[in-house]
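As structure tokens, the structure follows; a few thoughts come after it.
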Amino acid sequence: MSEEKSLNFLEDIIESDLKSGKYKSIVTRFPPEPNGYLHMGHATAICLNFGLTKKYPGYTNLRFDDTNPVTEDTEYVDSIKEDIKWLGFEWKNELYASDYFDNLYQFAITLIKKGLAYVDASTSEEIARLKATPTEAGKASPYRNRSIDENLDLFARMKNGEFADGTRTLRAKIDMSSNNMLMRDPLLYRIKHAHHHRTGDKWCIYPMYDFAHGQSDSIENITHSICTLEFVPHRELYDWLIEKLEIYPSHQYEFARRNLSYTVMSKRKLLQLVNEKHVSGWDDPRMPTISGMRRRGFTPESIRTFCDKVGIAKRENVIDFSLLEFCLREDLNHTALRVMAVLDPIKLVISNYEDDKTEELTSENGPDESLGNRTLPFSKELWIEREDFMEEPAKKWFRLAPGAMVRLKSAYIVKCDSFTKDIEGNVTQINCTYFSESKSGNDTSGLATKGVIHWVSVAHAASAQIRLYDRLFKVENPSSEEGDFKDYINPNSLQIISKHTLSLL
RNA sequence: UGGGUUAUAGUGUAAUGGUAGCACACCAGAUUUUGAUUCUGUUCGUCUAGGUUCGAAUCCUAGUAACCCAACCA
């Protein structure tokens with residue numbers, strides 16, 4: 001099937017792992033934090049993780065990384081599940097990092113007992129100061145050398161709620177002079193007296209990402225834990241914790257996050273757009289969120305194709321939005337039922353057509369025969385698009401102009417005899433004659449036109465409000481421009497047409 | 001100025017020492033009852049400088065550029 005297609009670097013790794021017998025099958029996971037809606041970057045990760053276990057033996061878990069109760073909510077859990085399903089993927093197990101809070105607590109105790117973790121009473125400012133900078137070695141916390149018993153006691157008291165938020169942390173004891181800032185005694189647990197969307201008020205201490213993610217991977221026997229490039233420095237800590245805890249050795253692999261031109265792709269920035277009302281919500285059709293794309297008319301198929309075409313690599317990228325649009329057109333071209341609509345109408349009157357006559361004409365629903373046909377009512381007075389008429393035609397113009405002929409799609413050929421204008425010079429009506437022998441599918445007139453235009457019968461038209469969406473930003477990469485990314489919002493990204501009667505057939 | 005990651009057409013991605021290929025975009029042409037679709041074609045690329053080799057995008061040396069790391073976020 002896709003044998004011609006070369007493998008990406010992750011597939012290379014997996015194939016060699018499978019070939020060498022390191023694994024008989026693989027386990028991946030998609031690990032969203034339920035603190036926002038999924039966007040196209042997530043779509044990449046979803047297609048990657050789920051796609052890998054479609055291609056190779058194994059399965060993929062959905063695991064919510066819910067270790068920060070302050071920002072997380074079940075609203076997001078629900079939207080995330082809906083979006084993954086809509087994209088066409090099924091997870092093996094629905095899991096939560098919070099399912100493992102008891103395990104993680106025991107893991108912490110294990111580290112303390114090994115002398116590899118301690119309770120720090122420094123403030124966050126002190127901790128930051130002692131960590132120093134990447135070019136300058138850090139210094140040890142004054143609490144670094146407490147006894148194991150003391151640490152065990154303090155950690156239990158942290159858990160029991162004896163301390164206020166921010167007054168104690170559990171830190172791994174690694175290397176304050178490491179070049180990797182994450183190895184300078186990283187925080188493992190912090191105190192947050194906050195209600196958790198799943199564990200309620202059971203806990204007032206919560207594990208940090210680094211002490212939850214890798215451990216959850218390990219508990220689930222994840223073979224290939226795939227994340228984005230900014231987590232590369234975390235891998236050293238990921239491996240350190242697994243080694244010291246002597247648990248299942250999951251491995252982390254990193255790929256470059258996906259960027260799309262003329263939009264932004266960070267949850268923080270998307271949240272700003274929502275909160276500051278630059279868009280109507282997470283699912284605004286201009287948003288690069290899955291739910292926004294869905295409202296915009298993108299199909300799951302088109303998004304999957306897009307992810308597949310773009311591929312996976314490790315270098316920074318900004319992908320042309322036009323590739324995504326291409327994938328959508330390719331899909332829609334074969335599946336979308338066509339209708340005719342006139343957005344900016346001018347009345348066209350056929351002088352030699354009977355006043356009260358209505359004809360039922362047949363029109364194809366699309367280029368593929370399987371889409372079938374529909375009937376269209378045709379009559380003396382029609383709406384046509386204002387831009388399909390030119391008073392003084394340009395050079396290669398082959399639509400309507402004074403004296404010119406044009407085919408009305410699926411109907412007759414008409415010839416423009418005259419037109420009227422208002423005081424301001426706007427064309428108000430076009431008068432035509434039609435050729436009765438030129439009926440579409442039954443044309444014996446011998447006439448030929450180069451142009452074909454769409455139309456809608458005035459008497460039969462339905463009205464609608466039309467929203468025309470354009471790109472949300474004026475520049476290709478708003479995040480890399482000077483100043484605030486919001487300075488580059490396209491003021492014309494939404495155009496609502498409702499002042500005229502819009503016609504739809 | 002420490003460490004890490006990455007450099008191939010405008011964009012994205014292949015080529016694993018042996019003809020730099022594919023897709024999108026662009027431009028041109030043909031067909032067309034939606035200036036769509038479809039089809040054909042043109043232009044355009046290995047970050048730089050040295051080196052190894054019969055042969056280098058690939059290996060070596062030295063540079064350069066971009067991104068990431070100093071959250072009790074993930």
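Predicted, not measured: the structure shown is a model, and the values here were computed from it.
The side chain of A:K192 contributes an N or O atom lying less than 4.0 Å from OP1 or OP2 of B:C73. At the phosphate of B:U34, neither OP1 nor OP2 sits under 4.0 Å from any side-chain N or O atom of A:S410. Proximity of A:R63 to the phosphate of B:A74: no side-chain N or O atom is located under 4.0 Å from OP1 or OP2. Close to B:G12, at under 4.0 Å from its OP1 or OP2, lies no side-chain N or O of A:R258. Look at A:R190 and you'll find a side-chain N or O under 4.0 angstrom from OP1 or OP2 of B:C73.
Outside the 6.0 Å centre-distance limit, the rings of A:F101 and A:Y189 are not counted as a close aromatic pair. You'll find the ring centres of A:F473 and A:Y262 outside the 6.0 Å limit.
A:T169 comes within 4.0 angstrom of a nucleotide base, judged by non-hydrogen atoms across all strands. Using a 4.0 Å heavy-atom cutoff across all strands shown, A:T67 reaches sugar-phosphate atoms only and no base atom. At the heavy-atom level, A:Y206 lies nowhere under 4.0 Å from the strands shown. Contact annotation for A:F398: base contact, defined as any heavy-atom pair under 4.0 Å involving a base atom.
Between the P atoms of B:A36 and B:U32, the separation comes to 13 Å (whole Å). To the nearest whole angstrom, the two C1' atoms, one in B:U42 and one in B:A28, are 7 Å apart. A gap of 23 Å separates the C1' atoms of B:G51 and B:A65, to the nearest Å. For the C1' atom pair drawn from B:U52 and B:G17, the interatomic distance equals 12 Å after rounding to whole Å.
Residue A:M181 places its side chain closer to B:A70 than to any other of B:A70, B:U34, B:C24. In the set B:G35, B:U8, B:U16, the nucleotide with an atom closest to the side chain of A:R399 is B:G35.
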Give me the distances for all protein-to-nucleotides 36-41 of chain B N/O pairs that come in under 3.5 Å?
| unit_1 | atom_1 | unit_2 | atom_2 | d |
| --- | --- | --- | --- | --- |
| B:U37 | O2' | A:N333 | ND2 | 2.8 |

Just the dot-bracket of RNA chain B, please: which string comes out with Watson-Crick or G-U pairs under 3.5 Å, [ ] for crossing, | for another strand? .((((((..((((....[..))))..((((.......)))).....(((((..]....))))))))))).....
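A salt bridge does not link A:R29 to A:E220: none of the charged side-chain nitrogens sits closer than 4.0 Å to a carboxylate oxygen.
Comparing A:L187 and A:T449, the nucleotide of RNA chain B nearest to each residue sits closer to the 5' end for A:T449.
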